[in-house]
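Values reported hereafter were calculated over all heavy atoms of this structure, with side chains retained and with hydrogens, waters and symmetry mates removed. Because the structure is a prediction, the values reported are computed rather than measured. Every number for a ligand or one of its atoms is a count from 1 in the order of the listing.
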Amino acid sequence: MDRLAVIKILMKQKKLRNYLEIGVFNGHIFFRIRSNFKIAVDPDFQFDFLRKAGKIVLNHYNLYNQYFEETSDDFFKNNAATALKGKKIEISLIDGMHEYAYVLRDIENTLEYLSDDGVIVVHDCNALTAEAGSSYEEWSAKKIAGTWNGDVWKAIIHLRSLRNDIDVFVLDCDQGLGIITKRKPVKMLPFSEKEISKLTFSDFNANRESWLNLQPEGYLKEYFNLK
Ligand SMILES: C[S@@+](CC[C@H](N)C(=O)[O-])C[C@H]1O[C@@H](n2cnc3c(N)ncnc32)[C@H](O)[C@@H]1O
């Protein structure tokens, strides 16, 4: 199961509509979402006017899209309140800059606008190798081939340690899909912010299942009590 399948299941069965995607790239996921309230945020969209027009023909919901070609920090600072027009975000895919501080800000800013039964899906939570889990600096300097997940895993540990107002688990599919809801957490982790900043990839590798609250993909339906 990939992020698109997870989002489609949640939208259909939980009747979630208002969609925000942070980190959109060429719109591979964004343009497929069927909702007349969709917001795309990315400082460097990889599509032009013609692609946008073609996507309206393929999926008429794309007619209503709002595009913000800027960083997510700028979006939340300058445009989120106006773009949302008093509406709540009901489902969000967070897939922008894959570094701890950035992802954490994206999640915490999105939570400010999330409806009580809304869901945040976070891509790239489960880096499997030290290379995939390296910093952006190391990754770009070494020109490593393959997928870069960064240290999104630290944002998951942070939320599971320091936020007692949200519930967080990670589905073991599609590079690790973090699922965040406004439910109370069943079990929290004991780390302080200082301890989290010092964690290394090998610490994570030895503890990934418990630190991520890693769950098989079938858990999605169990958790939300879906068909
Ligand atoms: C992995 S791609 C997103 C892929 C897309 N969500 C999908 O599922 O096909 C990551 C994107 O994040 C964008 N990005 C990088 N820094 C960002 C930031 N600070 N705020 C928002 N997006 C950012 C990049 O421009 C890039 O297009």
Side-chain angles (χ1 to χ4, degrees), residues 1-11 16 18-35 38-48 51-52 54-55 58-59 61-62 65-81 83-84 89 91-113 119-129 131-141 143-156 170-171 173-180 217 220:
M1 195 157 54
D2 66 7
R3 56 204 178 284
L4 181 61
V6 166
I7 291 165
K8 278 185 165 175
I9 289 171
L10 291 171
M11 289 184 81
L16 305 175
N18 305 339
Y19 178 75
L20 167 70
E21 186 168 325
I22 295 176
V24 174
F25 193 58
N26 66 2
H28 168 73
I29 302 295
F30 185 79
F31 289 125
R32 287 180 164 83
I33 302 295
R34 298 172 71 80
S35 163
K38 299 198 280 176
I39 298 175
V41 179
D42 194 309
D44 190 16
F45 286 134
Q46 297 298 308
F47 47 79
D48 57 13
R51 183 167 160 89
K52 283 198 249 182
K55 294 298 176 183
L58 289 174
N59 172 11
Y61 288 104
N62 287 316
N65 294 346
Q66 295 187 68
Y67 299 97
F68 293 89
E69 193 157 21
E70 59 188 353
T71 65
S72 47
D73 288 333
D74 283 347
F75 169 73
F76 283 112
K77 192 165 138 223
N78 303 321
N79 291 310
L84 281 158
I89 297 164
I91 181 136
S92 177
L93 172 62
I94 294 185
D95 195 11
M97 170 52 85
H98 302 326
E99 285 200 346
Y100 171 32
Y102 284 81
V103 188
L104 186 62
R105 280 201 303 277
D106 285 347
I107 295 170
E108 296 202 310
N109 283 328
T110 301
L111 279 166
E112 292 294 313
Y113 293 97
V119 183
I120 299 177
V121 177
V122 186
H123 196 215
D124 294 289
C125 296
N126 191 17
L128 292 179
T129 64
E131 287 74 29
S134 64
S135 70
Y136 184 64
E137 229 176 20
E138 288 169 322
W139 175 264
S140 0
K143 296 193 170 47
I144 307 164
T147 303
W148 177 60
N149 308 115
D151 54 1
V152 176
W153 55 270
K154 275 195 185 178
I156 298 296
V170 174
L171 292 176
C173 54
D174 193 9
Q175 317 286 327
L177 294 178
I179 304 289
I180 300 175
E217 56 182 46
L220 181 77

Would you call the rings of His98 and His123 parallel, tilted or perpendicular if under 30° counts as parallel and over 60° as perpendicular?
perpendicular
Please determine whether the number of non-hydrogen atoms from other residues, nucleotides or ligands lying under 6.0 Å from atom OH of Tyr102 exceeds 12.
no
Who are the residue neighbours of ligand 1 when the rule is a heavy atom under 4.0 Å from any of its atoms?
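The answer is Arg3, Glu21, Ile22, Gly23, Val24, Phe25, His28, Ile29, Asp42, Pro43, Thr71, Ser72, Asp95, Gly96, Met97, His98, counting any residue whose heavy atom sits under 4.0 Å from ligand 1.
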Say whether, by atom type as modelled, one donor and one acceptor occur between the side chain of Asn62 and the main chain of Lys55 under 3.5 angstrom.
yes
Which heavy atom of Ala127 sits nearest to which heavy atom of Trp153, and what is that distance?
CB-CD1, 4.5 Å
Reported CG-to-CD1 distance for the pair Leu104 and Ile156, which is rounded to 0.5 angstrom
9.5 Å
For the residue pair Lys52 and Tyr67, would you count it as a cation-pi contact if the rule is NZ or CZ under 6.0 angstrom from the ring centre and within 45 degrees of the ring axis?
yes
